[in-house]
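Step one of this worksheet: look at the structure below.
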Amino acid sequence: MSVQRQYEREFVRTFFTSPTAVDGEDDSAKMLRSASRLRGLQAPDVWVPDNEDATAPNMRAEGVSNIIEVVSEQGSDFPGEIHPRVVWHRESPTTRYQGFQQMLEVADPDNGAVEHIDGFVIPEVGDIDDWKKADEFLTIIEHEHGLPEGGLSMSVIVESGEAELAMGDLREEMGKPSNNLERLFLLVDGEVDYTKDMRAMTPTGELPPWPELRHNTSRGASAAGLIAVDGPYDDIRDDEGYRERMTENRAKGMTGIWSLTPGQVVEANTAPLPPESGRWLLAVGDGEVELDPVDGRHVYDGDGLSLEETGDGQYVLEAGGDRLELSEDELREELLDRTAYVPSMNDIVDSMEEFEAAKAAGKGAIAMTQSATLVVNGVTVEISKDRMWDEATYQAAQTPITLFQDVYEHRPDQHEALEDMYGEDVVERATAVGN
């Protein structure tokens, strides 16, 4: 069975939560108002007025009123999607009913907010029957208020082993006439409650990284035509750790991540996009070092690796305690093994355009040459390698461009920032290539 996506968005980079009511403030909706005014790269793809964990239980009734007030006033101008998070729990009928009542009030057309709301986020779901309960409530709400059936999307937060296993049932369950699970949009990891549910422990008390959960969520989303989003990275000052987490996720096919601050929103909005300029990496020790671009050359002057020319086309390369005596050709091969290139947006577009032209001329595969001048400890070495491009290579390269095109189509408030980043010519070509 081929599962088709039900929504225009193919990618969600940012899932930003805001408390719906803050106790002790003159304006309890101040955080909602602030979030509703975010624009450009500071505005998330999905904004989540959070009437669950981010809002104290005694403030949630006021939180519902605040959602209605702020979204009805500001929702038409907000550039992303709006998906309030309500209360729910797989083991508590009372909590589920409270969530139903919250959604019923927010979705009442007489309150003026629902026309700007794209769906709801359901936390603490359990097995697939529990997902169906939430779906059934949404169907009832749509009928009650005369809304289009299936028009409100449903996103769930995977916070238990039950919910993780339920993702494996989605392909079979979606599309059955007894449910409207086609309304599903996002699968969001909630590692904090998942850790509690799994009774996991670490020596420091920090959260386990849960790479298996992130892989399973990404796989479940791919199989069901949905979008996967990672949970919150709560060390909000650790920008580098946040970037590393996103890099790991993208290798699993998970582009989206929870954002807790506007600063994290900017990081998460920009990190998945192709870089402005390409860069060469050199393997040194257990990691990789980015080479410094200087006048068209790529320079390494560190202590982790040394290179010396001994004369007569011979070289000595020392790395990690190893001493290698190499000819010029052997040195090139060694450096080719140690280097990697991260292509820029322009590089990717160039390669795709070249392959498209070759395919139009009747060629099924072509060789692309990549070359660079490296300077290692003052010694200059020219390296070059060929990579065979065929249709599969083209399709793999297209993913970051498809992401860019999705962003450009759905986030016109970011057009200026993207053109400043890449230049108008590259943006124009990137929006056209592959179509």
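Keep in mind that what you see is a predicted model, and the values were worked out from it rather than measured.
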For the pair [X] (side chain) and [Y] (backbone), establish whether a donor and an acceptor sit closer than 3.5 Å, ignoring hydrogens and angles.
X	Y	value
S18	P49	no
R411	D413	no
Q414	G40	yes
D118	I82	yes
H83	S155	no
N111	A113	no
R13	P44	no
S72	I68	yes
E159	E191	no
D347	S344	yes

Distance-only donor-acceptor check, side chains [X] and [Y], under 3.5 Å:
X	Y	answer
W88	D130	yes
R429	N346	yes
E62	S28	yes
N249	R214	yes
D235	Y242	no

Should we count [atom1] of [X] as having more than 12 external heavy atoms under 6.0 Å?
X	atom1	result
D303	CG	no
E240	CD	yes
M352	CE	yes
E353	CD	yes
N58	CG	yes
K363	NZ	no
E416	CD	no
E428	CD	no

Worked check of side chain to side chain donor-acceptor pair (under 3.5 Å) between E105 and Q101: CA-CA 6 Å; E105 187 173 354; Q101 292 293 322; over 6 Å; no

K359 charged N/C atom sitting above Y394 aromatic ring, 6.0 Å / 45°: yes

Full working for side chain to side chain donor-acceptor pair (under 3.5 Å) between D238 and Y233: CA-CA 9 Å; D238 183 12; Y233 190 88; 2.7 Å; yes

Side chain to side chain contact (heavy atoms under 4.5 Å, CB included) between L170 and L226, intermediate numbers included: CA-CA 10 Å; L170 285 180; L226 308 176; 3.9 Å; yes

From CA spacing to verdict: side chain to side chain contact (heavy atoms under 4.5 Å, CB included), V12, T255: CA-CA 7 Å; V12 165; T255 302; over 6 Å; no

Heavy-atom side-chain contact between L273 and Y422 under 4.5 Å: yes

Student check: side-chain heavy atoms of V125 and V158 closer than 4.5 Å: no

Measure the spacing between [atom1] of [X] and [atom2] of [Y] and express it to the nearest 0.5 Å.
X	Y	atom1	atom2	answer
E25	K30	CD	NZ	4.0 Å
T261	R237	OG1	CZ	10.0 Å
I257	N269	CD1	CG	12.0 Å
I141	Q102	CD1	CD	10.5 Å
R33	N66	CZ	CG	7.0 Å
K252	S222	NZ	OG	15.0 Å

Side chain to side chain contact (heavy atoms under 4.5 Å, CB included) between V342 and W280, intermediate numbers included: CA-CA 6 Å; V342 180; W280 282 90; over 6 Å; no

Ring geometry between H415 and Y408 (parallel below 30°, tilted from 30 to 60°, perpendicular above 60°): parallel

Aromatic plane relationship, W258 with F15 - under 30° parallel, 30 to 60° tilted, over 60° perpendicular: perpendicular

Pair M388-T393, side chain to side chain contact (heavy atoms under 4.5 Å, CB included): steps then yes or no: CA-CA 8 Å; M388 188 60 66; T393 312; over 6 Å; no

Under-4.0 Å salt bridge between E334 and R338: yes

Name of the residue among F120, Y97, F100 meeting ring-ring contact (aromatic ring centres under 6.0 Å, His included) with F137: F100

